[in-house]
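Note that the structure is a prediction, hence the values are computed from the model and not measured.
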Amino acid sequence: MKSKNVFLDYQEIRTILNDSPDLMCRKMELGRQTIQIVFMKNLINQEVLNEYVIKYMQTIPEKHLNYTYLVNNIPIEEIKTENEKNEFISSLLKGFSYIYFLNEKKGFMVNCNNTLERSIEKAETESLVYGPKISFTESLSSNIKIIRQNLNDYNLCTDSLTIGERVKKEVRIVYIKDIANDETLNNLKERLEKIKPDNINDSSVLAQCLEDDHYTFFPQLLLTELPDRFIYSILNGRIGVFKVDPIVKTLI
């Protein structure tokens, strides 16, 4: 049985992706058409989107601003017009942008993927015999991108919170919605929201603020710079915390 194509608008996609802060929507009013361009900001090449999608639609005659014409003429090599729901979300999480015509209630996807390329470097504090040597960076955006490129799951959530009273710093809580324990997640969010000190300079200090017992011999939280270890942990129900760090470590 052939799967039914889906044409989702921005609000429906937001719901499926659990209100991800990485999900963006550019709304354009061009002539009589209202067009939504939906994409994951950390996974696309912004230059490709601006030059070959947005600028192209702004320069063509109004009579060509319709689903049929753009599918056949937009200057992007890879285009998807037939999408089953799971495939649609999977493509979005691989760096495709979704062009949706509100008036026609139809849309298609174009590949604007921005693959993260980085020279393979040995982790400074964690040894790894097998597997990729890539480690997390000091960039919160790049770290989220590494996780999404290696874990293509629409239940992957990256909730954004701000900690600190005077010096506001963003942290991201990373988990898989249908695997992570809700009670543990809510407890973690409450603890993060209660953090008032402004001297949370790295993840190790943040870990001390979250620990139940500072004197126990047993580890309550783990610090890692390895994406593989991080992904393995959240696939097993753990919850990760990213912070903008001068030290390349993330909290599990």
Side chains of [X] and [Y]: does their closest heavy-atom pair fall under 4.5 Å?
{"X": "I37", "Y": "Y98", "value": "no"}
{"X": "V241", "Y": "R172", "value": "no"}
{"X": "I35", "Y": "I99", "value": "yes"}
{"X": "N73", "Y": "I60", "value": "no"}
{"X": "K189", "Y": "L161", "value": "yes"}
{"X": "N143", "Y": "I147", "value": "no"}
{"X": "L23", "Y": "R14", "value": "yes"}
{"X": "M57", "Y": "L70", "value": "yes"}

Derivation of the side chain to side chain contact (heavy atoms under 4.5 Å, CB included) call for V48 and I44: CA-CA 8 Å; V48 172; I44 67 153; over 6 Å; no
Taking all heavy atoms of [X] and all of [Y], pick out the closest pair and write down the distance.
{"X": "I144", "Y": "T158", "answer": "CD1-CG2, 4.0 Å"}
{"X": "F39", "Y": "S97", "answer": "CB-OG, 3.6 Å"}
{"X": "I234", "Y": "G240", "answer": "CG2-N, 4.1 Å"}
{"X": "N155", "Y": "D153", "answer": "N-OD1, 2.8 Å"}
{"X": "Y67", "Y": "G107", "answer": "CE1-O, 3.4 Å"}
{"X": "D159", "Y": "Y175", "answer": "OD2-OH, 2.7 Å"}

Count the heavy atoms of every other residue, nucleotide or ligand shown that sit under 6.0 Å from [atom1] of [X], and state whether that count exceeds 12.
{"X": "E77", "atom1": "CD", "answer": "no"}
{"X": "Q58", "atom1": "CD", "answer": "yes"}
{"X": "Y52", "atom1": "OH", "answer": "no"}

With rounding to the nearest 0.5 Å, note down the distance linking [atom1] in [X] to [atom2] in [Y].
{"X": "I54", "Y": "L30", "atom1": "CD1", "atom2": "CG", "result": "10.0 Å"}
{"X": "I76", "Y": "M109", "atom1": "CD1", "atom2": "CE", "result": "12.5 Å"}
{"X": "T34", "Y": "K27", "atom1": "OG1", "atom2": "NZ", "result": "6.0 Å"}
{"X": "E51", "Y": "E47", "atom1": "CD", "atom2": "CD", "result": "6.0 Å"}

field: Chi angles and distances behind the side chain to side chain contact (heavy atoms under 4.5 Å, CB included) call for M24, D22
entry: CA-CA 6 Å; M24 298 284 113; D22 300 315; over 6 Å; no
query: Would you say the side chains of Q33 and E104 form a donor-acceptor pair under 3.5 Å?
result: yes
task: Assess the side chains of Y154 and N18: does a donor N or O sit below 3.5 Å from an acceptor N or O?
output: no
query: Is the H64 ring parallel, tilted or perpendicular to the Y69 ring (thresholds 30°, 60°)?
result: parallel
message: Please evaluate residues N152 and R148 with respect to the criterion side chain to side chain donor-acceptor pair (under 3.5 Å), reporting the C-alpha separation (whole Å), side-chain torsions for both, the decisive distance (0.1 Å), and the verdict.
response: CA-CA 6 Å; N152 191 337; R148 286 206 177 275; over 6 Å; no
Under 3.5 Å, side chain of [X] to main-chain N/O of [Y], donor-acceptor pair present?
{"X": "N187", "Y": "E183", "result": "no"}
{"X": "E78", "Y": "N111", "result": "no"}
{"X": "E12", "Y": "D9", "result": "yes"}
{"X": "S20", "Y": "L17", "result": "no"}
{"X": "N113", "Y": "K94", "result": "yes"}
{"X": "D19", "Y": "T15", "result": "no"}

field: Check against ring-ring contact (aromatic ring centres under 6.0 Å, His included), F96 and F88
entry: CA-CA 9 Å; F96 278 74; F88 172 88; over 10 Å; no
- request: Carefully, step by step, assess F101 and L65 under the rule side chain to side chain contact (heavy atoms under 4.5 Å, CB included).
  value: CA-CA 9 Å; F101 295 81; L65 284 170; 5.6 Å; no
message: Using the rule that Ile, Leu, Val, Met, Phe, Trp and Tyr join whenever any side-chain heavy atoms are under 4.5 Å apart, tell me whether Y232 and I173 fall into a single cluster.
response: no
field: Test applied, side chain to side chain contact (heavy atoms under 4.5 Å, CB included); reference residue, L92; option that passes from I16, L43, I13
entry: I13
task: Test side chain to side chain contact (heavy atoms under 4.5 Å, CB included) on V53 and V110 and set out the steps.
output: CA-CA 9 Å; V53 178; V110 293; 4.1 Å; yes
message: Here's one to test your reading of the geometry: is the NZ or CZ of K80 within 45 degrees of the ring axis of F108 and under 6.0 Å from its centre?
response: no
